[in-house]
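Any value given below was found using the heavy atoms of this structure, including those in side chains, with hydrogens, waters and symmetry copies removed.
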Amino acid sequence: MPPKFKRHLDEEQRVHLLGDEDSGDDDIAHGNRPAFGRKKHGVTGDDNISRVQGQIGQVMGVMQSNISKVLDRGERLEDLQDKTDDLAAGALNFHKSSTQLRKKMWWKQCKMRLILVAIILIIVGVIIIPIIIKNRNDSGSSDSSISGGTLGADPVSMS
């Protein structure tokens with residue numbers, strides 16, 4: 001926001017800028033027009049002009065400093081914008097790679113579950129199938145012993 005300038009100066013500021021205590025309006029109203037170079041209360045018009053020009057030089061220096069600061073700020077903002085764009089691109093890349101990794105790990109977990117189920121089925125088959133075969137053989141030998149006419153005979157004594 002640009003600075004606001006006063007249209008009317010108070011007496012202290014007027015004395016500071018003009019270098020005298022009366023504004024000079026009274027001299028002009030009474031017909032006494034001060035000429036440049038003529039002393040009025042010990043201060044010449046050239047001194048006032050040089051003082052005002054010095055103040056203008058100071059203001060210009062401050063304004064040039066402010067302009068250079070604004071330009072530096074603009075450059076820093078551009079750098080910050082570039083970094084922000086790079087960070088956004090990195091975030092998008094991270095999102096894509098994390099999605100791919102999640103899918104890959106899901107498939108790996110499914111494969112491990114299938115392998116685990118297969119191992120459990122093999123172990124159960126190794127344990128259960130011999131039991132089933134033994135029970136069939138036992139029940140099959142009992143059927144053959146019944147048909148063979150050795151009812152109530154001890155299977156150990158038969159051999």
Per-pair distances, 0.1 Å, donor-acceptor, side chain in residues 82-99, under 3.5 Å, sequence neighbours excluded:
unit_1	atom_1	unit_2	atom_2	d
Thr84	OG1	Leu80	O	2.7
Asp85	OD1	Gln81	NE2	3.3
Ser97	OG	Asn93	O	3.2
Ser97	OG	Phe94	O	3.0
Ser98	OG	Phe94	O	3.1
Ser98	OG	His95	O	2.9
Thr99	OG1	His95	O	2.9

| query | CG of Asp46 to CD of Gln53: how many Å apart, nearest 0.5 Å? | reply | 9.5 Å
| Going from CD1 on Ile128 to CD1 on Ile133, what distance comes out if it is rounded to the nearest 0.5 angstrom? | 12.0 Å
| Beyond-backbone contact of Pro130 with Lys134, side-chain heavy atoms, under 4.5 angstrom | no
| query | Say you draw a straight line from CZ of Arg73 to OG of Ser68; how long is it, rounded to the nearest 0.5 Å? | reply | 13.5 Å
| field | Remaining members of hydrophobic cluster (4.5 Å side-chain criterion), Met105 | value | Leu101
Enumerate, atom names and distances included, each donor-acceptor pair closer than 3.5 Å involving a side-chain atom of residues 106-126, sequence neighbours excluded.
none

